Every structure is written in structure tokens, then in C-alpha cells.
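Everything below concerns the one structure shown next.
Keep in mind that the numbers below use all heavy atoms, side chains included, and drop hydrogens, waters and symmetry copies. Keep in mind that what you see is a predicted model, and the values were worked out from it rather than measured.
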Amino acid sequence: MILSLEIAKRYLLGKKSTQAINIITWVSVLGLSIGTAALILILSVFNGFEKVLGGLFDAFNAELKVVPSSGKYFEMDENQLYQLRSLPEIEALSATLEEVALFDYKNIQEVGIIKGVDTFYTAVTHIDSSLRAGKYKLKENQINYGVIGSGLGAKLSLHYNDPLNPVTVYMPTRQQRGPMARDYNTIYVYSAGIFSAGSDSDNQYIISNLEEVSYLLELESTYTALEIKSSSGFKERRVREAILNLLGDGFTIKNKYEQDETFFKVMNTEKWVSFFIAGFIMLIIAFNMVGSLWMLVLEKKLDMSILQAMGYTRKGIGRLVILQGILISITGLISGICLALFLYFLQKTYGLISIPAGFLIDSYPIELKWNDFLLVSTLVLMIGVLASLLPAIRASRITPYVRLEQ
């Protein structure tokens with residue numbers, strides 16, 4: 001094996017009688033280098049977007065969210081909430097109530113979601129860090145305030161911090177009333193701030209005081225979710241078990257990715273589709289390697305014949321050609337990784353490729369993960385082996401012969 005490797009290295013680095021073989025070989029190395037760098041950078045960019053958007057979702061999505069397995073609402077008294085908050089696995093817990101409602105601001109009407117939260121909400125999310133204007137405030141001097149998603153605020157043409165015109169929230173009543181009574185409830189929400197979490201919540205939500213929303217929905221001690229931040233040092237599985245042991249059946253617990261499962265599935269699909277397209281392009285590039293190895297076999301036909309006469313088996317000759325292909329792949333792989341790391345440094349440090357104005361970030365985010373290097377390395381080496389198979393089969397069929405000098 002060591003001898004085969006030494007011979008393969010000489011075939012790769014040694015001078016060939018035909019210059020075209022050298023050119024095709026190093027074109028193959030160049031193609032593999034660019035392809036390797038492209039694969040790593042594609043995965044890194046998607047990793048970067050996932051990290052950025054995951055950070056934005058942290059502003060709106062709690063670490064864990066407990067919802068009923070069936071139906072929309074569930075009842076829970078203060079004693080049960082106290083027991084949950086007393087669990088060592090839970091650092092903070094917020095009870096929330098939300099429903100679709102009609103919003104009216106200066107005769108502009110939009111349908112959205114009113115979400116009532118308690119005073120613990122800022123302890124389980126980072127909603128205050130997502131504010132683009134104003135401040136996080138839900139109630140002051142008996143006046144009901146709220147923070148409004150940037151997209152919904154734009155649709156309502158909302159004037160930030162308007163002290164005279166609140167958003168009127170309409171909700172159909174749940175109980176039968178007299179013929180002269182209104183068939184809807186209303187509350188008034190004054191805008192204290194505008195938030196942007198980088199998701200659909202920006203276009204739908206007004207976050208306000210839980211007591212006011214409970215009055216609006218005519219529901220007492222009733223919630224749609226419990227949003228939880230787990231204590232440090234506890235794994236998610238243990239926190240889930242502790243919660244379900246206390247609550248029993250009938251509840252589902254979602255982590256922050258499961259709360260936006262559809263979005264992350266779409267992003268993950270785009271990531272792997274892009275990866276496989278780039279991988280297919282690399283497979284096409286590998287045809288250069290097939291050509292260079294085939295020409296090498298033709299040029300070294302006499303050498304391989306002599307090696308067989310000296311005791312090399314046909315399988316050994318084929319293995320020699322496969323090693324040659326693997327060496328070409330490794331050379332392209334190492335140079336491609338170096339190129340990817342260099343471009344990563346430029347993008348991370350200087351923002352080499354920028355994003356047009358109006359987005360939350362100035363340049364494309366990028367994040368390296370060690371398992372991406374493992375995946376790309378495996379793919380490149382597999383391509384090298386596959387590209388070597390046909391030339392290796394051809395080389396193994398060479399018949400040894402002896403040429404007599406006159």
C-alpha cells in the first residue's frame with residue numbers, strides 16, 4: 001500500500017511526456033478546489049441566516065411553549081402556575097392569551113392577533129430587545145398600552161407614540177345579550193413601541209396587557225400557552241418531563257424551532273437543494289479527472305505492465321489508479337478548504353458581499369460548522385473514487401509483456 005501511494009504521488013507530481021495531461025490534471029484540481037469552497041460557503045451562508053433568524057425569533061418565541069394538545073384554550077389557576085414556577089427546572093414562566101381580532105386606527109381596519117401577556121413575559125423572551133421605536137410598556141396610570149408589530153403598524157398607518165388615538169380592538173361577544181346590547185367587546189390599546197422580530201409576527205401581532213385581553217375575550221384564568229425559560233444546567237428533555245409530570249396528559253411542548261417549524265423546514269430544504277445542485281456541478285467537473293486519469297493510464301501502460309511482471313496484481317494496478325484519483329481529490333479538497341476559510345475571513349471581517357439597504361443586516365451572514373467540513377470532505381473523496389473507477393478497470397486489464405532489445 002505504501003509503495004502504491006509513492007508511485008501514485010510520483011505520477012501526480014512527476015513530469016509527463018504529454019503536457020496536456022499535466023494541464024488537465026491541474027484543471028481538475030482547480031475545479032475541485034472551487035467546488036469545495038463553494039459547497040462550504042453555501043452551507044455556511046445558510047448557517048449564518050439560520051443563526052440570525054434564530055436570534056430574531058428569540059425575541060418573540062420562548063425557549064419552550066406549552067399548548068393544549070386539542071382545542072385552543074385551557075384553564076389554570078394561580079396555584080398550578082405557582083407550582084410550575086417552583087420547579088427547579090424552570091427559571092421563568094409567562095401565561096399568555098391570544099386571539100384573532102379586528103383592529104381599527106383612524107378608520108383604517110386590519111385583522112390581526114391580540115396577545116395578552118403578564119409581567120413575566122420579558123423574562124422568557126427578548127421582546128424588549130426587538131423594539132425598533134419606543135419602549136416596552138403594557139400599563140401605566142390605568143391606561144392600557146401595547147407594542148405593535150412593524151408590519152401591522154405600517155398597514156394601519158400607525159403614528160408611533162400617538163397619545164390621542166389608540167388602536168381599537170374588536171372581539172365578538174361569547175354570551176347572548178339583550179336585543180339592544182352590542183354584539184362585540186372593545187378595548188383600547190395605545191402604542192408604546194414598535195417591534196420587529198423578523199417573522200410573520202411583525203405583520204399580525206399587538207402585544208398588550210393580559211388582564212385587558214382576558215376582559216376582551218370574556219375569559220378568566222384561561223390561557224392559550226405557557227411560555228417558559230428553562231434553568232441553566234438542565235437539558236430540554238428533563239425540563240419537558242418535569243412539566244408534563246406536573247400537568248399530566250393533554251399538553252404539547254414545543255421548542256423555539258418547533259414553534260416556527262414550517263419556516264425552518266423551508267430554509268433547511270433550500271439549504272440542501274443548493275448543496276446538491278453544487279454537488280452535481282462538482283460531479284460534472286470530475287469528468288476532467290476521468291480524462292486525466294485515462295490519459296495517464298495510456299501513457300503509463302508500459303510502466304504498469306512492468307509492475308505486473310514484477311509481481312503487482314491486476315487489483316494492485318487498479319488500486320494504484322484509484323489512489324491517484326484520491327490524491328487529486330485530496331489536493332483539491334485541501335486547497336478548496338483554504339480558499340473557503342480565506343473568503344470566510346473576508347466576509348466576516350469586511351462584509352465582502354453586502355446586502356441592499358433596508359434589511360436588518362448589512363452583509364450576508366456566515367457561520368462555519370465542523371460537520372459541514374466532514375460532509376464536504378466525504379462528498380469530494382467519493383467523487384474522486386467514482387471518477388477513478390473506469391480508468392482503474394482499464395488499467396487492471398493491461399496485459400504484461402516484455403520488449404526485447406535488438
Audit row: E89, R240, salt bridge (Lys or Arg N to Asp or Glu O under 4.0 Å) steps and yes/no: CA-CA 9 Å; E89 292 86 357; R240 286 175 179 264; over 6 Å; no
To the nearest 0.5 Å, what is the distance between [atom1] on [X] and [atom2] on [Y]?
X: L333; Y: I328; atom1: CG; atom2: CD1; answer: 13.5 Å
X: E91; Y: S232; atom1: CD; atom2: OG; answer: 6.5 Å
X: L156; Y: E110; atom1: CG; atom2: CD; answer: 6.0 Å
X: L327; Y: I322; atom1: CG; atom2: CD1; answer: 12.0 Å
X: I114; Y: L102; atom1: CD1; atom2: CG; answer: 11.5 Å
X: L97; Y: S208; atom1: CG; atom2: OG; answer: 11.5 Å

Under 3.5 Å, is there a donor on one side chain and an acceptor on the other for [X] and [Y]?
X: Q109; Y: D104; value: yes
X: D162; Y: Y105; value: yes
X: S94; Y: D118; value: yes
X: T186; Y: T168; value: no
X: E98; Y: Y205; value: yes
X: D202; Y: S196; value: yes
X: E63; Y: N255; value: no
X: E99; Y: Y73; value: yes
X: N61; Y: K254; value: no

Heavy-atom side-chain proximity of [X] to [Y] below 4.5 angstrom:
X: L226; Y: M76; value: yes
X: I228; Y: I253; value: no
X: F49; Y: E367; value: no
X: V189; Y: P166; value: no

Heavy-atom count around [X] [atom1] within 6.0 Å, excluding the residue itself: above 12?
X: K139; atom1: NZ; value: yes
X: F342; atom1: CZ; value: no
X: Q80; atom1: CD; value: yes
X: K135; atom1: NZ; value: no

Aromatic plane relationship, F276 with W272 - under 30° parallel, 30 to 60° tilted, over 60° perpendicular: tilted
Taking all non-hydrogen atoms of both residues into account, name the closest pair between [X] and [Y] and its distance.
X: I366; Y: K348; result: O-NZ, 3.0 Å
X: I194; Y: S150; result: CG2-CA, 3.6 Å
X: L41; Y: A340; result: CD2-O, 3.8 Å

With V376, the side chain to side chain contact (heavy atoms under 4.5 Å, CB included) member among I42, I40, L381: I40
Residues which pass side chain to side chain donor-acceptor pair (under 3.5 Å) with E140, listed by chain and number, not counting sequence neighbours: K137
Stepwise side-chain contact (heavy atoms from CB on, under 4.5 Å) check, Y190 with N144: CA-CA 6 Å; Y190 287 85; N144 187 44; 5.9 Å; no
Cation-pi geometry met for K115 and F60 (6.0 Å, 45°): yes
Test of ring centre spacing under 6.0 Å for F251 and F74: yes
